[in-house]
Amino acid sequence: MGENEFKYVQEAFDTNWIAPAGPSIPLFEKSLKDYFHVGAVAAVHSGTAALHLALVNLDVKAGDYVICQSITFAASANPIVYQGATPVFVDSETDTWNISPESLKEALEDLSQKDIKPKAVIVVHLYGMPAKMAELESICAEYDVPIIEDAAEAAGSNYLGKKCGGFGRMSVISFNGNKIITTSGGGALMSNDWHLIEHARFLSTQAKDNAPHYQHSHIGYNYRMSNVSASIGRGQMEVLDERVRKRRSNFDFYHTNLDQLPGISFLDEPYGHYSNRWLTTIMVDPAKTNGITREHIRIALEASNIESRPLWKPLHLQPVFREFPYYGGKVSETLFQNGLCLPSGSNLTDSNLKRVVQVIKETLSSKL
Ligand SMILES: *Cc1c(COP(=O)(O)O)cnc(C)c1O
């Protein structure tokens, strides 16, 4: 937490606004609107809820198809299944790890041959690295399919100078506890079309029609953010840029100390891509490390009480999504096989970072 979160929460208690209504919610939404340069924002319970509302807004229902990047957190795709629709997974490209424009085109072309027009394409900025929005936008425009931007991991990233979270027909941000800023749990749906956001707000508060009694002509959801969470969010927005600087300096430290080691590589920023470096990730190539794998490094870190994790397991390989269509090759699968997320918190000290580097170097110089 920064300096002012507690002050704003105290205000919520002092004024007794402990509800999914209250003065912090529009103030938080205004700060998001200004930061991400979007027309309108609805603050909700979670990023997952925001994605769900995005799909409801596009009238995604049983029999529909929605395209989604395969290597991502399951929450990117779960709401497609909540709606009874079919997710179609697409492989990544090697230079951003995000949805491959080539494989996306292949998927759209093949679906169009089968007379299927997907309702949306969900684009993710994995670990904060912006996807190639210009290419993706032009492909999606060609097939007339709207983009939903899953910017859950990318608050503070930008692409060609434009903030991630400001692309697509609608975009989604998460304030879950593991993200770069947090409201303990929370999310937001953003768009330049304020009608969509107005409707999402209506749906997120149980879809109550304008009447003195409880009158409903839509199925609603209880997804609205609480005034207490929004109070935390107001404080967090004041420190977002500082958090991005810290995360990027974590990346720089690891990069400076590990990049020259044979078999270890980092994801560079392609021209025009500015990553918040939410998590620092490395790729381990066992052909160049005398057989030391990602898993050897992970286990050695664990033995030193340091938590690290493999990259997201591609969704087309997950038991629960296995039956759904997939387009592409083995890029995301290889990322999962060889990739590792290093400790990346905003509160890591220099000595924490040095310890991580030391264990990785020792592991790489050990004999199998
Ligand atoms: C965290 C995350 C979500 C879901 O956000 P929650 O606020 O945890 O529901 C969705 N997509 C991606 C890529 C995420 O990392």
Side-chain angles (χ1 to χ4, degrees), residues 42 44 46-92 98-101 103-124 131 133 136-152 167-172 187 189-193 195-204 207 216-221 223 314-328 332:
V44 293
S46 65
T48 311
L51 274 164
H52 191 192
L53 292 171
L55 296 178
V56 174
N57 258 338
L58 294 175
D59 195 29
V60 171
K61 52 187 184 311
D64 287 336
Y65 291 76
V66 175
I67 294 178
C68 183
Q69 177 166 325
S70 183
I71 188 168
T72 179
F73 182 44
S76 298
N78 282 337
I80 304 169
V81 180
Y82 300 165
Q83 288 306 102
T86 301
V88 175
F89 296 112
V90 173
D91 203 4
S92 289
N98 294 310
I99 195 165
S100 151
S103 303
L104 174 63
K105 209 171 155 90
E106 185 198 328
L108 285 163
E109 190 52 42
D110 187 58
L111 292 171
S112 129
Q113 302 281 321
K114 294 173 175 147
D115 254 338
I116 294 170
K117 185 175 172 184
K119 278 279 176 78
V121 174
I122 298 175
V123 173
V124 184
M133 293 313 299
L136 297 171
E137 278 173 342
S138 91
I139 293 167
C140 289
E142 194 184 321
Y143 290 86
D144 189 30
V145 179
I147 290 178
I148 297 173
E149 187 197 8
D150 180 350
F167 292 91
R169 181 103 164 89
M170 283 170 276
S171 62
V172 166
L189 182 69
M190 313 197 284
S191 179
N192 285 325
D193 182 343
H195 291 102
L196 290 173
I197 298 305
E198 195 89 322
H199 192 59
R201 236 179 244 146
F202 165 76
L203 295 173
S204 75
H216 301 278
S217 47
H218 284 81
I219 294 295
Y221 303 88
Y223 279 172
L315 299 182
H316 73 282
L317 301 175
Q318 294 283 3
V320 73
F321 292 122
R322 206 146 34 195
E323 74 203 77
F324 297 118
Y326 172 71
Y327 291 87
S332 57

Engineer: Among residues at least two apart in sequence or on other chains, which ones pass side chain to side chain contact (heavy atoms under 4.5 Å, CB included) with Ala152?
Structural biologist: Asp150, Ser174, Lys179
Engineer: Less than 4.5 Å apart, side chain to side chain, heavy atoms only: is that true for Met190 and Glu149?
Structural biologist: no
Engineer: Apply the test side-chain contact (heavy atoms from CB on, under 4.5 Å) to residues Leu104 and Cys140: give CA-CA distance (whole Å), side-chain angles for both, the deciding distance (0.1 Å), then the verdict.
Structural biologist: CA-CA 9 Å; Leu104 174 63; Cys140 289; 4.1 Å; yes
Engineer: Would you call Leu53 and Ser204 a side-chain contact if the rule is heavy atoms closer than 4.5 Å?
Structural biologist: yes
Engineer: Find the distance between CD1 (Ile116) and OG (Ser112) and round it off to the nearest 0.5 Å.
Structural biologist: 10.0 Å
Engineer: Ignoring hydrogens, what is the shortest heavy-atom contact between His199 and Asn57? Give both atom names and the distance.
Structural biologist: CD2-OD1, 3.3 Å
Engineer: Any side-chain heavy atom of Leu111 sitting closer than 4.5 Å to one from Ile67?
Structural biologist: yes
Engineer: Within this structure, what is the OH-CG distance for the pair Tyr65 and Leu108, rounded to the nearest 0.5 Å?
Structural biologist: 14.0 Å
Engineer: Between the side chain of Lys117 and the main-chain N/O of Val145, is any donor-acceptor distance below 3.5 Å?
Structural biologist: no
Engineer: Find the distance between CD1 (Ile139) and OH (Tyr143) and round it off to the nearest 0.5 Å.
Structural biologist: 8.5 Å
Engineer: Would you say Leu315 and Pro87 make side-chain contact, with heavy atoms under 4.5 Å?
Structural biologist: no
Engineer: Checking side-chain contact (heavy atoms from CB on, under 4.5 Å) between Leu189 and each of Leu51, Leu196, Ile148, Ile197, which is the one that passes?
Structural biologist: Ile197
Engineer: Grab the two heavy atoms, one from Val90 and one from Ser103, that are nearest each other, plus how far apart they are.
Structural biologist: CG1-CB, 3.6 Å
Engineer: Specify whether Tyr326 and His316 have parallel, tilted or perpendicular ring planes, treating 30° as the upper limit for parallel and 60° as the lower limit for perpendicular.
Structural biologist: parallel
Engineer: Give the minimum heavy-atom separation between Gly328 and Asp91, together with the two atoms involved.
Structural biologist: CA-CB, 3.7 Å
Engineer: Please round to the nearest 0.5 Å and tell me the distance separating atom CZ of Arg169 and atom CD1 of Ile147.
Structural biologist: 12.0 Å
Engineer: Would you call the rings of Tyr221 and Tyr223 parallel, tilted or perpendicular, taking 30° and 60° as the class edges?
Structural biologist: parallel
Engineer: In Å and rounded to the nearest 0.5 Å, what is the CG to CD distance from Leu55 to Gln83?
Structural biologist: 6.5 Å
Engineer: Could you pull out all residues at least two apart from His195 that satisfy side chain to side chain contact (heavy atoms under 4.5 Å, CB included)?
Structural biologist: Asp193
Engineer: Any side-chain heavy-atom pair from Cys68 and Phe89 closer than 4.5 angstrom?
Structural biologist: yes
Engineer: Which pair of heavy atoms, one from Ile71 and one from Ser92, lies closest together, and at what distance?
Structural biologist: CG2-OG, 3.1 Å
Engineer: Closest approach of Ala120 and Leu58, non-hydrogen atoms and distance?
Structural biologist: CB-CD1, 3.8 Å
Engineer: Drop me the distance from Thr86's OG1 to Lys119's NZ, to the nearest 0.5 angstrom.
Structural biologist: 12.0 Å
Engineer: Might you point out which heavy atoms bring Ala85 and Val60 nearest each other, and give the distance in Å?
Structural biologist: CB-CG1, 3.6 Å
Engineer: Hey, mind stepping through Ile80 and Phe321 against side-chain contact (heavy atoms from CB on, under 4.5 Å) and telling me if it holds?
Structural biologist: CA-CA 11 Å; Ile80 304 169; Phe321 292 122; over 6 Å; no
Engineer: For atom CZ of Arg201, decide whether the heavy atoms of other residues, nucleotides or ligands shown that lie under 6.0 angstrom number more than 12.
Structural biologist: yes
Engineer: Of the options Val66, Leu136, Ile99, which is the one that meets Val121 in a side-chain contact (heavy atoms from CB on, under 4.5 Å)?
Structural biologist: Ile99
